[in-house]
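Each ligand, and each atom within it, is numbered from 1 in the order the structure gives.
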Amino acid sequence: MSSNKPIGVFDSGLGGLTVLKEITRILPNENIVYFGDTARVPYGPRSKETVIEYTFQAINFMLEKGVKAIVIACNTATARSLTEAQVNYDIPIIGVVEAGARTAAYTTKNNIVGVIGTEGTIRSKAYEKEIGKINKDIRIVDKACPLFVPIAEEGWANTDVARLTAKEYLRELKAEGIDCLVLGCTHYPILKKTIGEEVGMEIILVNPAKETAMDLKEILVDQDMLNDGQSQPEYEYFVSDIPEKFSAIANEFLKKDIDGAQKIDIQKY
Ligand code: DGL
């Protein structure tokens, strides 16, 4: 048995493309429907209720596209709405937090883990809860770093602006003696070099994307839903506003050109 239906990948905007990159590497035969809610990004400062509403609309849209499984490729949307989504929909739905938490819990040697993310993700304590399920002796030092999102989207990841911002945000975390740092926002892998240089080589950076893609593969294998790989995979991109901007920046996030994105009216869902 197999299923050639697409996988739905959803983010508040462009950040989820860093997760998509790993999904396409680990599951190269799968068709993809990507939705970026570019009209309503950022989700970081929004309330839980609002993020749940937006996530459900995105899921409704992707279900209409016939997806067989959904990846919430957004830390904020995962932290705020994954549980509600899993309860309300009868389709495999995974997020990025559990995978990132697991990687961090098994990476740290001194049991002090740093977590950076949007205000919403940090306020939710989602990483702390997930890491605590694996090892309650791990201490979490977290910090919201909202400015990293516009810096990544502006293409400034390797500039002095990014370096100064990283220095300011990461000072406290370094001083607390963390030995691993979770990039708990899908935009942050774009700044990986700058963040890595700032914290130093002895602190291991955890990008939840790779482990998320492996989790997705495991689900597809378990449920006999892998694509049979008989035809070229198709990638379709949808956004809720300004598709031209999405296509232009997507290149930087995905490290490949995309054919273009289509605009949809997400309010209909
Ligand atoms: N994609 C979001 C995340 O991973 C960051 C951007 C936003 O605030 O919506 O948390």
So if I count the atoms of ligand 1 from 1 in the order they appear, which ones are less than 4.0 Å from some heavy atom of [X]?
X	value
Val41	9 (O)
Gly44	7 (C), 8 (O), 9 (O)
Thr118	5 (C), 8 (O), 10 (O)

Protein heavy atom at shortest distance from [atom]:
atom	value
atom 1 (N) of ligand 1	Asp11 OD1, 2.8 Å
atom 5 (C) of ligand 1	Cys185 SG, 3.4 Å
atom 10 (O) of ligand 1	Thr76 OG1, 2.6 Å
atom 6 (C) of ligand 1	Ser12 OG, 3.6 Å

Can you figure out which of Tyr54, Tyr43, Phe10 has its heavy atom closest to atom 7 (C) of ligand 1?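 Selected option, by shortest heavy-atom distance: Tyr43.
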Closest to atom 2 (C) of ligand 1 (judged by heavy-atom distance), picking from Pro42, Cys74, Gly36: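 Ranked by closest heavy atom to atom 2 (C) of ligand 1, first place is Cys74.
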Please work out which of the three classes, parallel, tilted or perpendicular, describes the rings of His187 and Phe253, given edges at 30° and 60°.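 Geometry flag for His187 against Phe253: perpendicular rings.
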If the condition is ring pair (Phe, Tyr, Trp, His ring centres under 6.0 Å), which residues does Phe148 pass it with, not counting sequence neighbours? Tyr169, Tyr188
Sequence neighbours excluded, which residues qualify as ring pair (Phe, Tyr, Trp, His ring centres under 6.0 Å) partners of Phe35?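 Scan of Phe35 (ring pair (Phe, Tyr, Trp, His ring centres under 6.0 Å), adjacent residues dropped) gives Phe61.
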Does an N or O anywhere in Gly184 fall below 3.5 Å from an N or O of ligand 1? no
Are any of the side-chain nitrogens in Arg40 or Asp37 under 4.0 Å away from the carboxylate oxygens of its partner?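 The answer is yes: the pair qualifies as a salt bridge.
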I'd like to know if Lys68 and Glu30 make a salt bridge, using a cut-off of under 4.0 Å between side-chain N and carboxylate O.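 A salt bridge is present here (some side-chain N lies under 4.0 Å from a carboxylate O).
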Shared hydrophobic cluster for Ile52 and Ile72 (ILVMFWY, side-chain gaps under 4.5 Å):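 Looking at the clustering, Ile72 is in the same group as Ile52.
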Polar contact flag, side-chain donor to acceptor under 3.5 angstrom, Asn4-Asn31: no
